[in-house]
Amino acid sequence: MNKSAIIIGSGFSSLAASCYLAKAGFKVTIFEKNTTIGGRARQLKKEGFTFDIGPTWYWMPDVFERFFSDFNKKPSDYFKLEKLSPAYSVYFGKGDYITIDDTLEKIKSTFENEEKGSATELQKFIDTAKSNYDIAIKDLVYNPGVSPLELVTPATIKKLNQFFSNIKKDVRKKFKNDRLAKILEFPVLFLGAKPSDTPSFYSFMNYADFGLGTFHPKNGMYEVILAIASLAKELGVTIKTNSPVDKINTTNGVAKSIVSNNKIYNANVIISGADYHHTETLVDKKYRQYSESYWNKKTFAPSSLLFYVGFNKKLKNVNHHTLFFDVDFDKHAKAIYDDPKWPESPLFYASFPSKTDDNSAPKGKEAGIFLIPLAPGIKDTAALRNEYFNKIIDRFETLTSQNVKNDIIFKESFCLNDFINDYNSYKGNAYGMANTLLQTAFLRPKLKSKKVKQLYFTGQLTVPGPGVPPSLISGKLVSELVIKNNIENKMSHNT
């Protein structure tokens, strides 16, 4: 009998899982509700401009290399990668910014100019971060989150104290300069939690930032989606778009089939890379592992208000990635985690891919992506979106000393309601569940359903956590569990 697998969703984790399962001999079909693949990493094309709707940062190139090498391929077989120089800049006030370069040596001299003695401290901090990276990314995160013992290795025992301190405490102890501290606290925002709630061990994100650098795939992050989809198809995977899954059918507690567009599709295994909470609403209530109150108590990574803007001219005084930290970081974080509401003065991030990539905007024009992190579950209206666009564009003009409002050709927005409509995202979150101490590894929602046999989960709400590299790893982990359980089931049938 042919082994068959159905995968719900076509984001990074689903596509990765499809490749591993196809390689292991499964007949794999992906069901995607939207008209295009990619999940949260889709693409917007408008009037000659091209925008990544979701992720815009390419970090941890080694994780992508490791993924493609599992199929005797290289990223360069599919897309062209460019290391950004500089990596990004951070604004703290009008005309006042710090630029982060493309090598640690250059970054150390930037730090030293800002605070005497900080180059030495930075080297020590990054040495620890690298050691954490080697343990985490080369070893720990490739565990399936099944048992607490996965975290207990000779290397992690030495690092135990780092799980009881936090990034903010560590950074502020070593760096008195507030601007440098903010730059070092920034990468953990990718993990979806405040620096004060993120265990010190996660400083490996700082190594990803300063040690490995920031890259840009030619034509944007969507090229990486197309690359993995291309690999999946080479391996025999079928991808169906415009195919929402309305129900997962079970018989005697075993997942047997799905319903999509009023048709039933059978499979030996069902994996969902769709929102975990949403997927559990597709099975009968008695088969749901996690209650509404469970989800409600969890710390979710932020949602986002995003704008995709076409400018009629080239912009000055910005880099490909530019962060705006000219307002109170803690107040904004409070409005996300402690007292969920729209922040009065939001930090924001802007990406101008056309600074690096001619294909993202017509000649002489600029593509701009603006992002404001927001609390999930708050109200989202067209009026609020407009109000916040005006807030950030006013500040943008002041900080970068240029007028841009009259040069806007168009702007499209994407916010909580869109995350819910397009991705069935719980409370409209953008990045899944935060990686706090009590939501790490085996403490996250499980890859394998405890109540339904042959039902599995992958993506940002399960292990290892939020972000693109972790999503690729999640696809690998779930496929390994499926293959292992399949072998075990076969053996028990044969005995």
Side-chain angles (χ1 to χ4, degrees), residues 10-11 32-58 79-80 82 84 88 215-227 229 241-242 303-324 348-372 380-397 399-419 421-423 430:
S10 65
E32 168 55 57
K33 80 187 272 281
N34 293 309
T35 52
T36 56
I37 63 164
R40 293 165 196 237
R42 291 178 304 153
Q43 191 180 56
L44 169 68
K45 283 181 178 263
K46 185 167 178 170
E47 295 181 31
F49 292 82
T50 302
F51 304 91
D52 281 314
I53 289 179
T56 53
W57 294 76
Y58 190 105
F79 53 87
K80 186 169 177 278
E82 183 177 338
L84 294 183
Y88 56 90
F215 295 79
H216 174 74
K218 182 81 175 155
N219 298 330
M221 286 296 283
Y222 196 64
E223 280 300 298
V224 188
I225 286 287
L226 295 177
T241 51
N242 296 311
S303 187
S304 301
L305 169 56
L306 290 138
F307 295 101
Y308 311 100
V309 186
F311 291 97
N312 209 5
K313 66 174 185 187
K314 285 290 186 193
L315 303 191
K316 302 179 303 187
N317 306 329
V318 287
N319 285 314
H320 183 131
H321 295 299
T322 309
L323 299 151
F324 295 86
F348 66 99
Y349 150 71
S351 168
F352 303 97
S354 42
K355 290 279 170 205
T356 305
D357 195 332
D358 294 340
N359 294 350
S360 52
K363 198 169 168 47
K365 298 180 179 175
E366 203 87 86
I369 301 165
F370 295 82
L371 180 152
I372 301 173
D380 166 19
T381 65
L384 279 164
R385 294 185 191 197
N386 269 331
E387 180 192 332
Y388 275 76
F389 183 73
N390 292 328
K391 275 189 184 200
I392 63 170
I393 219 71
D394 284 345
R395 272 176 41 217
F396 179 82
E397 287 190 326
L399 293 165
T400 63
S401 309
Q402 63 189 318
N403 296 322
V404 300
K405 271 188 221 151
N406 295 335
D407 297 288
I408 293 173
I409 306 165
F410 64 82
K411 76 170 198 294
E412 297 270 330
S413 66
F414 199 95
C415 197
L416 278 86
N417 294 344
D418 304 297
F419 281 103
N421 294 335
D422 289 10
Y423 312 129

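Computation of the quantities below employed the complete heavy-atom set of this structure, encompassing side-chain atoms and omitting hydrogens, waters and symmetry-equivalent molecules.
Residues that satisfy the side chain to side chain contact (heavy atoms under 4.5 Å, CB included) test with Glu32, not counting sequence neighbours, are Ser10, Asn34, Thr241.
Note that CG of Leu371 is 4.5 Å distant from CG of Leu306, once rounded to the nearest 0.5 Å. Rounding to the nearest 0.5 Å places CD1 of Ile409 at 4.0 Å from CG of Asn312. Taking NZ from Lys313 and CG from Asn403, the interatomic distance works out to 6.5 Å, rounded to the nearest 0.5 Å. Between the CG atom in Asp52 and the CD atom in Gln43 there is a gap of 6.5 Å [rounded to 0.5 Å].
With hydrogens and angles disregarded, no donor-acceptor distance shorter than 3.5 Å links the side chain of Arg40 to the backbone of Pro55. Not one N or O on the side chain of Lys314 forms a donor-acceptor pair closer than 3.5 Å with the backbone of Gly364. Remark: side-chain polar atoms of Ser354 are paired, donor with acceptor, to backbone N or O of Ala367 under 3.5 angstrom. At least one donor-acceptor pair closer than 3.5 Å links the side chain of Glu397 to the backbone N or O of Val404.
Among Phe396, Phe414, Phe51, the single residue meeting the ring pair (Phe, Tyr, Trp, His ring centres under 6.0 Å) criterion with Phe370 is Phe396. The ring pair (Phe, Tyr, Trp, His ring centres under 6.0 Å) test with Phe49 is passed by exactly one of Tyr308, Phe410, Phe311: Phe410.
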Trace of the side-chain contact (heavy atoms from CB on, under 4.5 Å) decision for Phe348 with Phe307: CA-CA 11 Å; Phe348 66 99; Phe307 295 101; over 6 Å; no
Derivation of the side-chain contact (heavy atoms from CB on, under 4.5 Å) call for Trp57 and Leu84: CA-CA 10 Å; Trp57 294 76; Leu84 294 183; over 6 Å; no
side-chain contact (heavy atoms from CB on, under 4.5 Å) assessment of Arg385 paired with Asn417: CA-CA 11 Å; Arg385 294 185 191 197; Asn417 294 344; 4.1 Å; yes
Verdict with reasoning, Tyr349 to Tyr88, per ring-ring contact (aromatic ring centres under 6.0 Å, His included): CA-CA 10 Å; Tyr349 150 71; Tyr88 56 90; 9.2 Å; no
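For the residue pair Asp418 and Ser413, the shortest heavy atom distance occurs at OD2-O, 4.1 Å. In this structure, Ala350 and Phe324 approach most closely via the heavy-atom pair CB-CE1, 3.9 Å. Taking both residues in full, the closest heavy atoms of Leu315 and Glu366 are given as N-OE1, 2.8 Å, listed atom of the first, atom of the second, then distance. Contact between Phe419 and Ser304 at its shortest, heavy atoms only, is CE1-O, 3.6 Å. Thr400 and Val318 make their closest contact through CG2-CG1, 3.9 Å (heavy atoms, listed as atom of the first residue, atom of the second, distance). Between Lys218 and Asp358 the shortest heavy-atom distance is NZ-N, 4.2 Å.
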Would you be so kind as to tabulate the donor-acceptor pairs closer than 3.5 Å made by side chains of residues 387-394, with sequence neighbours excluded?
{"from": "Tyr388", "atom 1": "OH", "to": "Pro343", "atom 2": "O", "distance (Å)": "2.6"}
{"from": "Asn390", "atom 1": "ND2", "to": "Asn386", "atom 2": "O", "distance (Å)": "3.3"}
{"from": "Lys391", "atom 1": "NZ", "to": "Glu344", "atom 2": "O", "distance (Å)": "2.8"}
{"from": "Asp394", "atom 1": "OD1", "to": "Lys405", "atom 2": "NZ", "distance (Å)": "2.4"}

Atom pairs and distances, side-chain donor-acceptor, residues 219-226, under 3.5 Å, sequence neighbours left out:
{"from": "Asn219", "atom 1": "OD1", "to": "Asn359", "atom 2": "ND2", "distance (Å)": "2.7"}
{"from": "Tyr222", "atom 1": "OH", "to": "Ile37", "atom 2": "O", "distance (Å)": "3.0"}

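Counting non-hydrogen atoms of other residues, nucleotides and ligands closer than 6.0 Å to CG of Asn421 gives a total above 12.
Between the side chains of His320 and Thr356, at least one donor-acceptor pair of N or O atoms lies under 3.5 Å.
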